[in-house]
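Just so it is clear: chains get the letters A, B, ... in the order the sequence lines come, proteins before strands, and each one is counted from 1.
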Amino acid sequence: NAGVMQNPRHLVRRRGQEARLRCSPMKGHSHVYWYRQLPEEGLKFMVYLQKENIIDESGMPKERFSAEFPKEGPSILRIQQVVRGDSAAYFCASSPGTGQSPLHFGNGTRLTVT
Amino acid sequence: DQQVKQNSPSLSVQEGRISILNCDYTNSMFDYFLWYKKYPAEGPTFLISISSIKDKNEDGRFTVFLNKSAKHLSLHIVPSQPGDSAVYFCAAVYSGTYKYIFGTGTRLKVLA
């Protein structure tokens, strides 16, 4: 019974490159969330998606960041032209989206921008 | 605007004693509250939750209390064990939005 799968676990990019972070939700879950954790800080909401729809992207910077959750395949968080301030741990979570239910998190992708 | 606050960044407790972690929120629309535990280099793990229609929920050594009038919830761990040493996050959500808001975390250290 696979949990939320994120890859890669670690990603190193030079300034100006693109970063692609992938997330496969738990089986049966149709809601995906992305959170960012900066060093010594809490989990900051970025975006909430359902299959093929972005429901709430109020926590995501308007420039350089985008997210998708296609009908087939994993959810992707894409960061274009990365800067040093993008270095953080990015966590994906999923839920069945019915009633009051907890989010289940993956182990995150640690992005380092050099 | 920090809607969910954990004002204690860290807490140390002796093994076998009670650990009490606190969380305050400002949005009265929140109707579901959760606690997560996080070890370094891992994702947060769900511990326990409580609906706003209840004031207490218990699961083994973990009990969550909700005081809606004070907009306050707490997590009690009894007895505390060294393996409980981790960062604990509280979270809140209004079911109508499905937007889960997390606090900044409290680092618990249980001393053997």
Side-chain angles (χ1 to χ4, degrees), chain A residues 2-10 21 23-26 29-50 53-60 69 88-112, chain B residues 1-10 21 23-25 27 29-54 57 59 62 64 66 73 75 86-107:
Chain A
V4 177
M5 304 298 291
Q6 288 189 250
N7 67 82
R9 288 297 309 273
H10 300 275
L21 288 64
C23 169
S24 295
M26 279 183 73
H29 286 190
S30 58
H31 293 211
V32 165
Y33 298 74
W34 286 93
Y35 286 82
R36 175 163 69 173
Q37 186 180 26
L38 294 167
E40 304 303 318
E41 292 192 13
L43 295 160
K44 297 288 188 187
F45 169 82
M46 296 182 74
V47 61
Y48 159 46
L49 311 101
Q50 296 176 22
N53 286 306
I54 296 175
I55 307 301
D56 186 333
E57 57 181 348
S58 59
M60 199 157 66
F69 188 18
Y90 291 84
F91 292 97
C92 171
S94 71
S95 81
T98 54
Q100 293 181 333
S101 53
L103 298 183
H104 295 269
F105 281 85
N107 280 327
T109 294
R110 184 164 299 279
L111 172 66
T112 302
Chain B
D1 177 26
Q2 190 68 31
Q3 297 186 65
V4 179
K5 298 178 187 178
Q6 293 177 257
N7 292 317
S8 298
S10 63
L21 296 99
C23 180
D24 297 295
Y25 61 95
N27 190 341
M29 296 293 287
F30 289 144
D31 57 5
Y32 184 52
F33 304 87
L34 311 93
W35 284 95
Y36 285 80
K37 174 179 176 179
K38 186 182 181 303
Y39 293 120
E42 293 185 13
T45 303
F46 169 68
L47 267 178
I48 192 169
S49 62
I50 187 167
S51 170
S52 60
I53 61 173
K54 295 186 175 181
N57 189 24
D59 183 0
F62 302 92
V64 56
L66 176 63
L73 68 154
L75 175 68
V87 177
Y88 289 78
F89 291 98
C90 66
V93 61
Y94 166 49
S95 301
T97 64
Y98 286 104
K99 186 173 175 179
Y100 294 69
I101 304 297
F102 284 77
T104 50
T106 295
R107 186 178 300 276

Residues, nucleotides or ligands: over 12 heavy atoms within 6.0 Å of B/Lys99 NZ: yes
Parallel, tilted or perpendicular, judged at 30° and 60°: which one describes the rings of B/Tyr98 and A/Tyr48? tilted
Can you tell me how far apart [atom1] ([X]) and [atom2] ([Y]) are? Round to the nearest 0.5 Å.
X: A/Leu103; Y: B/Tyr36; atom1: CG; atom2: OH; value: 4.5 Å
X: A/Lys44; Y: B/Thr104; atom1: NZ; atom2: OG1; value: 8.0 Å
X: B/Lys38; Y: A/Phe91; atom1: NZ; atom2: CZ; value: 4.0 Å

Using heavy-atom distances under 4.5 Å, tell me whether B/Phe46 contacts chain A through its side chain, its backbone, both, or neither. side chain
Portion of B/Phe89 that has a non-hydrogen atom of chain A nearer than 4.5 angstrom: side chain
Hey, is the main chain of B/Gly43 close enough, under 3.5 Å, to the side chain of A/Asn107 for a donor-acceptor pair? yes
In terms of heavy-atom pairs under 4.5 Å with chain A, which of B/Ala41, B/Pro44, B/Ser51 leads? B/Pro44
Measure A/Gln37 against the heavy atoms of chain B and call it side chain, backbone, both or neither at under 4.5 Å. side chain
Quick one: do B/Phe102 and A/Phe105 satisfy ring-ring contact (aromatic ring centres under 6.0 Å, His included)? Show the steps, please. CA-CA 13 Å; B/Phe102 284 77; A/Phe105 281 85; 5.7 Å; yes
Check: A/Pro102 and B/Tyr100 side chains under 4.5 Å, non-hydrogen atoms: no
